[in-house]
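Comments concern the structure below.
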Amino acid sequence: MYPREILMVSRQHGLSTSAALAAASAVPFANAAAPRNIVISSANGLIACARAMQMLKAGHDTLDAVVAGVNLVELDPEDDSVGYGGLPNEEGVVELDACVMHGPTRRCGSVASIRGIKTPSKIAKLVMEQTHHVMLAGEGALRFAKAWGYKEEDLLTEKSRLAWLVWKQSLRDKSGHNNWTGGTGASVKKPSVALREAFPDVDEAMLGYALDRAMNPITGTINCLGLNAKGEISGVTSTSGLSWKIPGRVGDSPIIGAGLFVDQEVGGAGSTGRGEENIRIAGAHTIVENMRHGMTPKEAVLDALKRVARNYDNDPVRLAAFDIHFYALRMDGEYAGGTLWSSGKKLFAVNDGAPQSRLEPCVTLLDNRPKTN
Ligand code: GLY
């Protein structure tokens, strides 16, 4: 058993949940500053925040703004965790999850396991706008998108197809499925001779990328939250989910209350990273409710992270197998990003009016992540 004392909670936030609630409830945010234009997202959303901010300044609706921002990332073939170019399932098919929430009208929409559509967040918005449903999945979601004029396309890029082939060639689980329960953190300096021979025309850097992804399946995602100066807030989350997943696996991203939650009276929250752990704590809803009851965004995301850790009895060895990140934006414009491990993705994107977005540090819950290989 890993020594208990290794599980070090970062000093910056040693506050227990109840202490934080008690302390925070003395300072209700309702008395805080007036709302302002502000957009935050996961670190892969610098461009999304900038685009959304442009639209907020031009007076567009908050949901239109954040979805337009996220569309840029969904359409970017270089982001292998979202939309076009996202890493596929174990059969080499890209399956996408997304959801949206519109604060002013308190509506939401979602698609799960949709194939063939580059911008699933737009389809989630269509579900919200054009149906009385909240979530469409799989084949039905695709048919709905096509009925509204969307073209079914191949979402694999040369890069994502190669990563899948490398995974299939050498690394998939003996059961034939990806039953991955955590990153291996494994790294090799050079592809093996056998792998080199299997892909003779692929350059070294590209093969190295593919091998890294094959060994370390990802759950990258984009979450983006936007607030305007009128005090309206909306959010969107979009992902290609866990790479090499069993077809049909749905993560947290399309689940209202897990991958995203927005309440016009309080604020919004979202998540990226290991979706299964987020679903278990209904993370986004938990964070918004924490803020409703007086926690600051920082305290609220830390509380969510503590709930994730508690589900593993705070055991660092089992927690080391994954990472998870939360984002929160309160109605007064105060915001935070939080991440489980201080050694992981420690930044999130913010735009409060500048032409370019910036990265800011996340609060982190745990230090000294044990090695898993
Ligand atoms: N957070 C993305 C996923 O787990 O699918």
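What you see below is based on every heavy atom in this structure, not just the backbone, and it leaves out hydrogens, waters and symmetry mates. All values reported here derive from a predicted model rather than from experimental measurement. When a ligand or atom number is given, it counts from 1 through the structure's own listing order.
Among pairs with a residue in residues 119-132, those fulfilling salt bridge (charged side-chain N to carboxylate O under 4.0 Å, His left out) read Asp64-Lys125, Lys125-Glu129, at least two apart in sequence or across chains.
Ring-plane geometry between Trp244 and Trp167 is classed as parallel, the angle between the planes falling under 30 degrees on a 0 to 90 degree scale with a further cut at 60.
Partners of Asp263 by side chain to side chain donor-acceptor pair (under 3.5 Å), not counting sequence neighbours, listed by chain and number: Arg292. In this structure Thr119 satisfies the side chain to side chain donor-acceptor pair (under 3.5 Å) test with no other residue, sequence neighbours excluded.
The two residues Asn223 and Gly259 make their nearest non-hydrogen contact at ND2-O, 4.0 Å.
Under 4.0 Å from any atom of ligand 1, one finds heavy atoms of residues Thr219, Thr221, Thr239, Gly241, Leu242, Arg249, Gly251, Asp252, Ser253, Gly273, Gly275.
Taking the six-membered ring for Trp and the full ring otherwise, the centers of Tyr312 and Phe322 sit less than 6.0 Å from each other.
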